[in-house]
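So you know, we letter chains A, B, ... as the sequences are listed, proteins then strands, and number each from 1. These figures come from a predicted structure and were not determined experimentally.
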Amino acid sequence: LGFTNVGQAIAATPAKLEKVRLLAEYFSSIDDERLAIATVYFTGHAFPQTDLRTLQVGGSVIYRALGGAAKISDAEFRRIAHSHGDAGKTAFDVLDGRTVSEPFGITDSYKFFEQLQKLRGPVAKKEALQNRLAQLSAREGQYVVKILTGDLRIGLREGLVEEAIARAFNVPLDEVKEANMLLGDIGRTAVLAKNNELERAELSLFRPIKCMLASPEPTAEAIWKRFVDVAAVADRGPASATPATTGEKMPVVYVEDKFDGIRAQLHASRTRSEIFSRDLKRITGQFPEIAEQARQFSEEVILDGEIIAFAEDRKLTFFDLQKRLGRKTDALDLFETSSADVPVIFVAFDLLFLDDRSLLRTALRERRDLLRGLKLPPKFQIASVVAAHSANEIESEFKRARLRLNEGLMVKNPQSFYSPGRRGMFWFKLKKELATLDVVVVGAELGHGKRNHVLSDYTFAVRDESSGELLPIGKAYSGLTDAEIAELTEHFKDNTLVEHGRYREVKPDIVLEVAFNSIQPSTRHSSGLALRFPRIKAIRR
DNA sequence: TATGGCTGCCC
DNA sequence: ATTCTGC
DNA sequence: GCAGAATGGGCAGCCATA
C-alpha cells in the first residue's frame, strides 16, 4: 500500500529532485526485506537484474486476466483498453469498483510473483493473475500490472532509484552506483548502503558487472572534437580530475572495428567459465564450445568482447548468429548440437580482471597491453586496435572497417578507466546508415503512454515496379519531433481511408525519407523485405 | 503432429 | 538498436 | 549531459490449439 502511494506521488511531480526526495523518504521508512524488494520494483522489475527467473507474463496474459478479474464484456474491455494504450491505466479503469480488496503488502506481492513464475503455461498464469487482481484495490492492481509489464511510467528508473538510495542513507551517490554496477542487484545495493557496507561490493570472478557503453556520434569530426575539447580543458585546468589526457600534448585515440555480434563478458578460471550478455543474463549454455575452451586460459580472467559468427576465416552476419541466441540447451555434447550450429568466435577487446586483480581503475592502454600478453585458446581472438591522431585518420579507418564488413568503429580514450554501466565521454561509436529510402505512409497507429492521443507509429510502403502496388516494408516513428508528429496526426486524421481500432489505413500521400543500416528478406511485411534500425530522416514536402 | 501466438532478449 | 525531450 | 520514454526487426522456446 505504501508502495503504490509513493508511486502515485512520484508520478504526480515532474521534478526529478522531488521524485528522489519522495522515494528516499519511503526507503528510509521500511525494513531491509521490504527495501530490497521495493528498490527492484521501482526499476520496473519483479526480480533483480542478475536473477535468471522470468515471469512469462506479457500483454496478452495481462489483458485476459484483467478482463476476467473485472467480469466485464469483451466490448467494454476493448473500449477501455483502446482509450489508453497503456496497460497500467487500463488496469486501474477496468478494476475500479469491480474488485473486493484484501490486504496485500509488498512481501505478499513478492511471494505472488514467485508463485506466478513457478506456474507453467499462459493459461495457468492468466488464472492465477486473474484471481489475484480480483482481490486487489484498483490502484494495487495497476502497480502489479506496471511491474509485470516492466514499465512503471512514473518518470523514474534505475538512475533515480540510485540517487534515492544515496539520499535515504546519506552515502555518496558514486559509491551507490559503483556497488550497483558490481552487484547487478539494486536491492542488495540498497541494503548494503543502509548498513554502511557498500565497500563490501567488489569485482569478483563469476559475478557479472555492467558493460561500459559508447556514445553515438554521426561523424569522425564530431568524435575528434570530443577529444580535442577534453584535451583543451585538461590543459587549462589545474590537476584535472579526469585521467583523460594526462601527459598528452596531441590527443591520441584508440580505434577498433565495431563488430556486429553480441556483447559478451567472459569469466574464466581453470575449473569454471561463464558467459554473460550485455544485460547480465547468463548465456554460457548458448555457447558451450566457447565456455569450454575458456578454461584453457592460464590466468583467471574477465574479458569484455563480442561473440560473432565466424566460419573458415570469414565473418558471418548477425542474422546467422541470431540462430544461436535464445538457446536453452546446456548440453556440452558438441557432437549432438554442433553440426547444425553456426560457428562462433569470441573477439576480446578489453580485460577487466587478471588473477585476483581488478583492472577497472587501470588505464585502457595498460589493459590492452595486458590483454595482448594473454595466450589465447582456439576460438578466441583479440580485436586489433590502431592509434589515430586526427579526424581524417578516424575516417579512413572507418572506411577500412566497412571493407572488412564490420558495422563501423569504436573510438576510445587510451587513458580512460573502465566505467561499468556508463555511456560516458570515453568511448564513442561511429556507425553510418547504409542508405536512405523514400517511402509512402499507408497506415498510422495511436501511440502509447504520452503518445496515446497522437498517430505516432507509421507503416510505410514502397511501390512494386511490376504491379504498381504499394507493398509495406516497415514501421517507424523515431526521428520525428513532437511537433512533426502532431502535424502528421492532423493530416492523417483528415485523410483516413479505413479505421481498425487503434490502427488506420491512410491516403498514401506522405512521403518520408527513411534511413536504415541493412535490408534483408522477411515474412513480416508483404514486400518480403525488412529494414534494420529504420528511422525517419525527413518528411518530403 | 503441425502451426501459430506469446514472451524474452539480442541487436 | 535509434531518437527526442525535460531537467 | 543524463535519464527516461517510445519506438524498430528477428530469433528460439514454450504452450495451446487446429
Side-chain angles (χ1 to χ4, degrees), chain A residues 13-20 43-44 52-64 85-86 119-126 148-163 213 215-216 218 226 258-264 277-281 283 286 306-308 317-329 342 407 422-425 429 431 433 445 447-452 454 456-460 473-485 514-525 529-537:
Chain A
T13 169
K16 282 185 191 173
L17 289 176
E18 178 63 6
K19 287 175 194 279
V20 169
T43 65
L52 293 170
R53 294 175 293 177
T54 58
L55 283 158
Q56 300 292 135
V57 171
S60 177
V61 169
I62 290 169
Y63 279 115
R64 275 179 278 158
D86 175 294
L119 292 171
R120 286 290 148 252
V123 174
K125 288 178 194 267
K126 177 247 170 193
L148 288 173
T149 59
D151 245 336
L152 251 43
R153 298 197 207 227
I154 57 173
L156 172 141
R157 279 187 170 186
E158 195 163 13
L160 298 195
V161 176
E162 288 173 336
E163 287 188 32
L213 303 170
S215 305
R226 294 283 192 179
K258 183 177 191 307
F259 299 96
D260 191 11
I262 69 164
R263 185 75 177 267
S277 71
R278 188 184 134 141
D279 285 333
L280 312 190
K281 303 294 173 197
I283 52 173
Q286 283 148 62
E306 192 95 357
I307 291 175
I308 62 170
T317 65
F318 181 76
F319 188 69
D320 297 311
L321 179 65
Q322 261 187 308
K323 297 183 174 63
R324 295 270 314 245
L325 299 181
R327 289 270 174 95
K328 279 285 198 296
T329 52
V342 176
E407 267 192 307
R422 294 282 176 76
R423 197 185 293 275
M425 292 295 115
K429 59 179 169 185
K431 287 167 78 170
E433 64 224 24
E445 193 170 352
H448 297 90
K450 63 186 174 191
R451 302 207 193 291
N452 197 10
V454 288
S456 62
D457 189 349
Y458 311 122
T459 302
F460 45 74
I473 192 171
K475 294 170 72 179
Y477 102 91
S478 170
L480 294 180
T481 62
D482 288 353
E484 288 169 321
I485 292 173
V514 174
F516 58 98
N517 285 39
S518 65
I519 185 165
Q520 65 184 48
S522 162
T523 54
R524 195 184 195 88
H525 305 294
L529 295 169
L531 309 178
R532 191 172 184 208
F533 308 145
R535 61 266 190 194
I536 299 166
K537 261 289 187 357

> What is the distance, rounded to the nearest whole Å, between atom CZ of A:F516 and atom P of D:dG10?
Replying inline: 13 Å

> What pairs with A:K429 under salt bridge (charged side-chain N to carboxylate O under 4.0 Å, His left out), at least two apart in sequence or on another chain?
Replying inline: none

> Do NZ/NE/NH1/NH2 and the carboxylate oxygens of A:E433 and A:K537 come within less than 4.0 Å?
Replying inline: yes

> Between B:dC10, D:dG9, D:dT7, which one does the side chain of A:L325 approach most closely?
Replying inline: B:dC10

>> Between the side chains of A:D260 and A:R532, is the shortest nitrogen-to-carboxylate-oxygen separation below 4.0 Å, so that they form an ion pair?
In response: yes

> Would you say the side-chain atoms of A:E484 pair up with the backbone N or O of A:T481, donor to acceptor, closer than 3.5 Å?
Replying inline: yes

> For A:L529 and D:dG8, what is the distance between atoms CG and P respectively, to the nearest whole Å?
Replying inline: 19 Å

>> Looking only at the side chain of A:D279 (C-beta and beyond, no hydrogens), which of the listed nucleotides D:dC11, B:dC10, D:dA5 gets closest?
In response: B:dC10

>> Base, sugar-phosphate or nothing for A:I154? Non-hydrogen atoms, less than 4.0 Å.
In response: sugar-phosphate

> Roughly how many Å is it from CD1 in A:I473 to C1' in D:dG8, rounded to a whole number?
Replying inline: 13 Å

> A:L119 has an atom CG; how far is it from atom P of D:dC14, in whole Å?
Replying inline: 17 Å

>> The side chain of A:L160 is closest to which nucleotide in this list: B:dC6, D:dG4, D:dG1?
In response: D:dG4

> Which is true for A:P521 with a 4.0 Å heavy-atom rule: it touches a base, it touches only sugar-phosphate, or it touches nothing?
Replying inline: sugar-phosphate

> Taking atom C1' of D:dG4 as reference, at what distance in whole Å does atom NE2 of A:H448 sit?
Replying inline: 18 Å

> So what does A:L17 hit on the nucleic acid, given a heavy-atom distance under 4.0 Å: a base, only sugar-phosphate, or nothing?
Replying inline: nothing

> Considering the options A:R153, A:K450, A:H448, which one meets the side chain to side chain donor-acceptor pair (under 3.5 Å) requirement together with A:D86?
Replying inline: A:R153

>> The side chain of A:D260 is closest to which nucleotide in this list: B:dC11, D:dG10, D:dA16?
In response: B:dC11

> Which nucleotide, D:dA16, D:dC11, B:dC6, lies nearest any side-chain atom of A:K323?
Replying inline: D:dC11

> Touch check for A:F319, heavy atoms < 4.0 angstrom, all strands: base, sugar-phosphate only, or nothing?
Replying inline: sugar-phosphate

> Within less than 4.0 Å of OP1 or OP2 of D:dA5, is there a side-chain N or O belonging to A:R153?
Replying inline: no

> With a 4.0 Å cut-off on heavy atoms, is A:S277 in touch with a base, just the backbone sugar-phosphate, or nothing at all?
Replying inline: sugar-phosphate

> Would you say a side-chain N or O of A:Q520 is under 4.0 Å from OP1 or OP2 of D:dG10?
Replying inline: yes

>> Between C1' on B:dC11 and CZ on A:R532, what's the gap in Å once rounded to a whole number?
In response: 5 Å

> Once you round it to whole Å, what is the distance between C1' of B:dC10 and CZ of A:R263?
Replying inline: 14 Å

Just the table, please: protein N/O against nucleotides 2-4 of chain C N/O, every pair under 3.5 Å.
residue : atom : partner : partner atom : Å
C:dT2   : OP1  : A:K431  : NZ           : 3.3
C:dT2   : OP2  : A:K429  : NZ           : 3.4
C:dT2   : O3'  : A:R535  : NE           : 3.4
C:dT2   : O2   : A:S478  : OG           : 3.4
C:dT3   : OP1  : A:R535  : NE           : 3.2
C:dT3   : O4'  : A:S478  : OG           : 2.9
C:dC4   : OP1  : A:G479  : O            : 3.0

> Contact class for A:K475 vs. all strands (heavy atom < 4.0 Å): base, sugar-phosphate, or nothing?
Replying inline: sugar-phosphate

> So, does A:R324 use its side chain to make a donor-acceptor pair with the main chain of A:V342 at under 3.5 Å?
Replying inline: yes

> If you look at every strand shown and take non-hydrogen atoms under 4.0 Å, does A:R226 touch a base, only sugar-phosphate, or nothing?
Replying inline: sugar-phosphate

>> Both A:E158 and A:R120 contact DNA chain D. Which one's nearest nucleotide lies toward the 5' end?
In response: A:E158

>> Nearest whole Å is fine: how far is B:dG8 P from A:R324 CZ?
In response: 24 Å

>> Under a 4.0 Å threshold between the charged nitrogen and the carboxylate oxygen, would A:R263 count as salt-bridged to A:D279?
In response: no

